[in-house]
S.K.: 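After the structure tokens below, expect a handful of questions from me.
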Amino acid sequence: MPDVVQRYLEEVCVLKVRIKFSKTGSMKFIGHLDVMRYFQKAIRRSGIDVAYSQGFNPHQLISFASPLGVGLTSDGEYMDMQLNSSFSSKEAMDRLNEVMNEEIQIVNYVELDDGSKNAMSIVAAADYCISIKDGYDFPENYREMFEKFIEQPEIIVLKKTKKSEKTMDIRPYIYHVAYMPEEFVKKTGGILKNTVAEQYENNRRIFMQITNGSVINIKPEVIIEAFCKFAGIEFQPFAYQIHRMEVYADINADNKVDEKDYGKNRKLIPLDAFGHEIL
Amino acid sequence: MRKLALSDEILLTVEKPARYIGNEVNMVIKDPKKVPIRFCMCFPDVYEIGMSHLGIQILYDMFNKREDVYCERVYSPWPDLEKIMREKEIPLFALESQTPIKQFDFLGITLQYEMCYTNVLQILELSQIPIFSKERKEEDPIIIGGGPCSYNPEPIADFFDIFYIGEGETNYYKMLDLYKEIKENGGSRKEFLERAAKEIEGLYVPQFYHVEYKEDGTIKSFKPNNANVPEKVLKQVQMDMTNTYYPEKPLVPFIKATQDRVVLEIQRGCIRGCRFCQAGMLYRPIRPRDIDFLKEKARKMLESTGHEEISLSSLSSSDYKELPELVYFLIDEFRQKGVNISLPSLRIDAFALDVMSKVQDVRKSSLTFAPEAGSQRLRDVINKGLTEEAILKGAMDAFKSGWNRVKLYFMLGLPTETQEDIEGIAVLSDKIAREYYTIPKDKRNGKVSIVSSTSFFVPKPFTPFQWTRMATSEEFLEKQRFLNQKMKEQLNQKSIKYNWHEAELTMLEGVLARGDRKLGKVIYDAYKAGCVFDSWSEYFKFDIWMECFEKNGIDPLFYTARERQEDEVFPWDFIDIGVSKKFLWLEYQRAKQETVTPNCRQKCAGCGAKIFGGGVCFESQD
């Protein structure tokens, strides 16, 4: 195939689609790389007309927004796909869900608008719900304590990377905190949605909207660990079920701003708002 | 939501929790409470290896076709989880229902290699099932062994209630029917085992046989101690390979298994008759599957799994008569969908090179030859038809088409081997490199790379070499050193890489392969002393094994470094594989005379497998 034709096919004819999926139950033990493999096979089973790279080992043109750690569940994971042709959103979702495990389900499927950037490059924030698992201690007055925790002018944590350790103030990147879903959506301007999050009898939960993505990334467990230290309680690594609810891009993002001002003028939009349903 | 047997805390602590949660694509879900027979299928090694095994996929599908059976799976827990299970007394569980194995009716364990025997004991102990068959009670599951090692089950006879000798497709249903009948009538475990041994061909119940030994340690007699059971157990063979069970929806693991692809078994058996090869004798006669059946299964399995690769499986793919049609069909149908086609055990010829150039990147892939022995003389001894001329021609054709990597497989310690034969390995490796450099420089694709690997020869039951003496570890190492030296003397030594194996593991494999019932206590003691995952070199504890042999007054060399007499009674003689002991002896003599035996399609050698009434034995010969 001549190069020109090849490029035409890749850039012009290819359709870009974004799917949103949930992940729960035993699937939380499947790590990010295996979830990618799982999707590659599921896409083949579904009959979706995905585009492949060229060469002897062609691979599907798919990419994920933000890897989810082992042990976490989610209502809002995103994956972008390049397709040669597409079914309607409804049929594509049905086809995928038909061949998927009930613990990973596609909840949205949109065609991306022209000029949309890929999901991975625009992730800026995420909503999380942190539940205390039954059988673990967590103070009854945790709300008051957590309020005091975030009222601090700065929250300094030690951030470890492979190469170095450095201290960092994470307070500017905790955008909203709440303890009930209604209260949380009111603060963030979102809407109440169905969730696959596991429910626990003790009902001790913390909802938070925080920064996420490639520029500055704060893991929710880092916040919990800092809170435990602040409150003088023991941090128990297995006591918290972290559930991601939504992932956002920031349409006011300015990557040139100073680190501490990152996200200050944010306008957050869920990743599936950059496309439209295929009818 | 499915309830898991292990807590979040445990699953988030161990390596690869996906090994223990089940729920893979195409997993069969039934309500265990509503199914009268529960069968757990086990591969006694880590999940990624066990999930790659075709046999279990076939039986899993076949068993679950029955409404009255729920077949589930279990694999060996990795040492990190094993430790936790012992501390917390968590019973080993099946992946599907996540319920304890001890609640099952059957535990079927596939025995693919001898070095898994301690893992079998680990599975039993973690399941909280008595390790010895004689200690099991009415409520314990029936423990069945199957697979290649059940062709000499004697070293592990004490731990099993039944061995199924041969291919599972033929008689498992009969056994399940019998079990159901006896269970409904309130019959006992003993009654089931007796009737199974008596009424169902291919089932061997070790407790109904008694072994007497001579003073020199060899077998004096091997006889039933129960009047109802047969003296000989006949190997089971599925003769119709087309109208039979084959999964259309194989399980797809979440984590990458060793065999992460669709496996299409194109035929069973082999016509070649290599004298060292156990599979070549056990699975006689060769039985090809119908090509339309294979095309349809390939399509269905690719659709139901979403795998990006399909691999053809057989002992010698080139002997499948319609191979070109099948392979070109797979390429035409599935290549554009990004499906890769893998063709192991293919003889290098024009067809093979054409296919390989279509499905692989020539610059990155390598050619594989298995001459097994370094000289033509020794290749005649082992009846390996591959000639030096064929290897050099195949390699040259490939070099001209752009390949520059060659892998060669050999064995050290074959019967009658001399230093010249060993040196021949180095010489042949060098000749292939020399062949490459005859191509003008501007037409070559850089340097040539030859990787020669040697393994140590282990004589196996039901082969012409079952009588032969196996080399000792010291002898193996000496041969290895000698070859390593010879490799360094070659002109193109810089283009040749030599890989070798460990000798100690091979020695133990040799003991267990031709062992008898006396070894049961050694295996038990070794397990109790901490031996498990013996096939994993980082876990293999050779010293402990040697201590256990000594403690039990057993000399391992009795089983390995001893030439057997023609009339010696072997522990596996009670099994009838069709191929006669007389034929194997004749082949052993022909080996010593360096006489080649033609393959089954050239001329029937009268091995005895004709009694099964089909396959190549009834094809018209070329």
Side-chain angles (χ1 to χ4, degrees), chain A residues 24-61 69-73 84 96 98-104 131 133-136 196-200 221 236-242, chain B residues 1-27 29 48 95 98 249-250 252-257 260-262 300-309 334-341 356-365:
Chain A
T24 187
S26 59
M27 293 304 289
K28 74 181 175 195
F29 300 108
I30 311 298
H32 178 63
L33 289 175
D34 292 323
V35 168
M36 285 171 62
R37 279 173 18 87
Y38 176 77
F39 266 95
Q40 286 161 5
K41 293 186 198 281
I43 291 167
R44 289 170 171 285
R45 292 193 295 270
S46 71
I48 281 180
D49 187 13
V50 69
Y52 285 87
S53 67
Q54 300 297 309
F56 268 101
N57 294 305
H59 57 267
Q60 296 175 353
L61 300 173
V70 174
L72 278 66
T73 57
N84 299 313
L96 279 165
E98 178 89 357
V99 296
M100 304 273 261
N101 181 307
E102 74 285 1
E103 293 176 331
I104 288 190
S131 304
K133 290 182 190 172
D134 288 329
Y136 289 94
V196 296
E198 284 170 58
Q199 307 294 321
Y200 297 92
E221 45 272 55
Q236 301 158 283
F238 302 108
Y240 321 100
Q241 180 59 54
I242 301 170
Chain B
M1 211 168 287
R2 290 173 73 233
K3 175 130 178 44
L4 300 178
L6 301 172
S7 67
D8 279 14
E9 196 157 321
I10 294 174
L11 287 166
L12 292 172
T13 309
V14 299
E15 215 181 286
K16 301 194 183 174
R19 289 168 174 164
Y20 312 111
I21 61 174
N23 215 13
E24 302 95 330
V25 170
N26 296 330
M27 180 184 95
I29 300 171
E48 296 91 305
L95 296 182
Q98 299 274 313
K249 294 181 170 182
V252 185
F254 291 114
I255 49 176
K256 204 169 162 68
D260 179 34
R261 51 184 78 86
V262 164
K300 285 190 171 153
M301 288 192 293
L302 284 167
E303 276 169 7
S304 72
T305 60
H307 278 312
E308 40 283 284
E309 187 167 333
F334 305 113
R335 259 318 262 178
Q336 325 95 294
K337 293 174 191 160
V339 175
N340 194 21
I341 294 149
M356 286 163 64
S357 68
K358 287 194 166 89
V359 301
Q360 310 170 334
D361 187 342
V362 171
R363 285 163 307 167
K364 287 181 189 149
S365 61

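Every value quoted in this text rests on a predicted model; they were computed, and no experiment measured them.
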S.K.: Would you say the side-chain atoms of A:N101 pair up with the backbone N or O of B:N23, donor to acceptor, closer than 3.5 Å?
M.R.: yes
S.K.: Less than 4.0 angstrom from a charged side-chain N to a carboxylate O is my criterion; do B:D260 and A:K41 meet it?
M.R.: yes
S.K.: So, do B:K256 and A:L33 sit near enough that their side-chain heavy atoms are less than 4.5 Å apart?
M.R.: no
S.K.: Who among A:R44, A:Q40, A:M27, A:E102 has the most heavy-atom pairs with chain B under 4.5 Å?
M.R.: A:R44
S.K.: With a 4.5 angstrom heavy-atom cut-off, could you sort out which part of A:F29 is near chain B: side chain, backbone, both or neither?
M.R.: both
S.K.: In Å and rounded to the nearest 0.5 Å, what is the CG to NZ distance from A:D49 to B:K337?
M.R.: 10.5 Å
S.K.: To the closest 0.5 Å, what do you measure between OH (A:Y52) and CD (B:Q336)?
M.R.: 11.0 Å
S.K.: Is a side-chain donor or acceptor of A:R45 paired with a backbone partner of B:T305 at a separation under 3.5 angstrom?
M.R.: yes
S.K.: Would you give the length of the straight line joining atom OH of A:Y240 to atom CG of B:D8, rounded to the nearest 0.5 angstrom?
M.R.: 14.5 Å
S.K.: Could you check which of B:L302, B:V252, B:L4, B:L12 has the highest count of heavy-atom pairs closer than 4.5 Å to chain A?
M.R.: B:L12
S.K.: If I measure from the heavy atoms of chain B, does A:Q241 come under 4.5 Å with its side chain, its backbone, both, or neither?
M.R.: side chain
S.K.: Please report the interatomic distance CD(B:E9) to OH(A:Y136), rounded to the nearest 0.5 Å.
M.R.: 3.5 Å
S.K.: Once rounded to the nearest 0.5 Å, what's the spacing between atom CD1 of B:I255 and atom CZ of A:R37?
M.R.: 8.5 Å
